[in-house]
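Encoded as structure tokens, the structure appears first; notes follow it.
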There are 2 protein chains.
Amino acid sequence: MSLDTLNWKILKLLQQDARMSNAEIGRRIGISSPAVAERIKKLEDAEVIQGYTAYVSPFKAGYQLKAIITLRAFMGMLKPFLEKVKSFDEVVNCYRITGNENIVMEVVLKNQKHLETFIDKLITYGETKTQIVLSHVVKDSEIKPA
Amino acid sequence: MSLDTLNWKILKLLQQDARMSNAEIGRRIGISSPAVAERIKKLEDAEVIQGYTAYVSPFKAGYQLKAIITLRAFMGMLKPFLEKVKSFDEVVNCYRITGNENIVMEVVLKNQKHLETFIDKLITYGETKTQIVLSHVVKDSEIKPA
DNA sequence: GGTGAAAGCATCTGGTG
DNA sequence: CACCAGATGCTTTCACC
């Protein structure tokens, strides 16, 4: 998929505001709205754009705590964990990584008690390390031309 | 801000597809489109919804590598780093955390060479630990009622 | 990539419980 | 106060160039 200047301008605008109308995008980058629609469709079909999402504040939604939890899975427990983790509502992001530890997760929690019960759910799968998030310094910054 | 059942249904739909029209949302949850528009506006004003974004595949955009980099800042280098990190295009997310290490970052990189030059940029600020992401098991899962 | 007509949508207004 | 219904102006969509 060729990402020319125009496509990158569209990606930039949609990353900044996914609900911007095609007409408005067209006005800003100097093409007609059908042309914008066509380009967006191709970007979606090529899976350059994988979806559009509203960013809901976990804090405003009742999650007072954010944490980074690292897991070092016990022998034979990595596969079961990878299946199970999808069902944990607390886990916003989960990465499988290289190194001594196998998993890094970003989790949201209601309070300390919730953190405690969540960690208890993990101990069957492996050793955990928990780091509480103090602030979110950079938040889903936009992908730029490589 | 009160998050009733209807508001949570709207949040769910917008998290799944931020470009869904108000009319379509209204059809699915059983209210009129002006009512949807009004509720969305209030959710935005209360900063429950903090924005709408297109998810662009880093891989399709030319970033072959993803990594989790942990930084333990040198004495007096945390503040300068927190200022500087916003300008690093490679950093998609950056958290300040509790514990021995001060910072966790999610970064996207073109290739190993790019990883090397990026780590070089960090060594003035502190000690780094790099973990290459093998797979993204859970990706920005939606926030659910707490 | 543009244009123009038809269908659909957002938004404003006024009105109801 | 939250919602609905109808009118108006944009927007999307589809034809075609």
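Residue numbers start from 1 in every chain, and the chains themselves are labelled A, B, ... in the order their sequence lines are given, proteins ahead of strands.
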Q: Look up atom CG in B:Asn102 and atom CE in B:Met77, then write down how far apart they are to the nearest 0.5 Å.
A: 12.0 Å
Q. What pairs of residues pass the side chain to side chain donor-acceptor pair (under 3.5 Å) test when at least one of them lies in residues 24-37 of chain A, not counting sequence neighbours?
A. A:Glu24-A:Arg27, A:Glu24-A:Arg28
Q.
As an exercise, state the distance from CG of A:Leu82 to CZ of A:Arg96, rounded to the nearest 0.5 Å.
A. 6.0 Å
Q) With sequence neighbours left out, what residues match A:Lys121 under salt bridge (Lys or Arg N to Asp or Glu O under 4.0 Å)? A) A:Glu90
Q) Which ones in residues 3-11 of chain A lie close to DNA chain D, meaning a heavy atom under 4.0 Å from one of its atoms? A) none
Q.
Counting neighbours of CD on B:Gln112 that are heavy atoms of other residues, nucleotides or ligands and sit closer than 6.0 Å, is the number greater than 12?
A. no
Q. Do A:Val36 and A:Ile31 pass the side chain to side chain contact (heavy atoms under 4.5 Å, CB included) test, and can you show the C-alpha distance, the side-chain angles, and the key distance before you say yes or no?
A. CA-CA 7 Å; A:Val36 173; A:Ile31 62 177; 3.7 Å; yes
**Q.** Counterpart residues, side chain to side chain contact (heavy atoms under 4.5 Å, CB included), relative to B:Asp89 (two or more places apart)
**A.** A:Lys144
Q: Hey, could you give me each pair passing ring-ring contact (aromatic ring centres under 6.0 Å, His included) that has a residue in residues 57-101 of chain A? Not counting sequence neighbours.
A: A:Phe81-A:Tyr125, A:Phe88-A:Phe118, A:Tyr95-B:His136
Q: Hey, could you give me each pair passing ring-ring contact (aromatic ring centres under 6.0 Å, His included) that has a residue in residues 15-43 of chain B? Not counting sequence neighbours.
A: none
Q: Enter the distance from A:Leu122:CG to A:Ile103:CD1 here, rounded to the nearest 0.5 Å.
A: 10.5 Å
Q | Nucleic acid contacts of residues 31-52 of chain A, taken as heavy-atom distances under 4.0 Å to DNA chain D | A | A:Ser33, A:Pro34
**Q.** Spacing of B:Leu13 atom CG and B:Gln15 atom CD [to the nearest 0.5 Å]
**A.** 10.0 Å
Q | For chain A, the stretch of DNA chain C it reaches, first to last nucleotide, under 4.0 Å of its heavy atoms | A | C:dG1 to C:dT3
**Q.** d(CZ, B:Arg27; P, D:dC3) in whole Å
**A.** 18 Å
Q: Look at atom CZ of A:Arg19 and say whether more than 12 heavy atoms of other residues, nucleotides or ligands are closer to it than 6.0 Å.
A: yes
Q) In residues 14-22 of chain B, which residues come under 4.0 Å of DNA chain D by heavy atom? A) none
Q: Quick one: list whatever passes side chain to side chain contact (heavy atoms under 4.5 Å, CB included) with A:Lys129, sequence neighbours left out.
A: A:Thr70, A:Glu101, A:Gln131, B:Glu101, B:Lys129
Q.
Let me test you: for the helix from C:dG1-D:dC17 to C:dG17-D:dC1, what is the angle between the axes at its two ends (five pairs each), rounded to 10 degrees?
A. 40°
Would you mind writing out the side-chain donor-acceptor pairs for residues 41-49 of chain A within the sub-3.5 Å range, not counting sequence neighbours?
{"from": "A:Lys41", "atom 1": "NZ", "to": "A:Asp45", "atom 2": "OD1", "distance (Å)": "3.1"}
{"from": "A:Lys41", "atom 1": "NZ", "to": "A:Asp45", "atom 2": "OD2", "distance (Å)": "2.8"}
{"from": "A:Glu44", "atom 1": "OE2", "to": "A:Tyr52", "atom 2": "OH", "distance (Å)": "2.5"}

Q) In terms of side-chain geometry, is the basic nitrogen of A:Arg39 or A:Asp4 positioned less than 4.0 Å from the acidic oxygen of its partner? A) yes
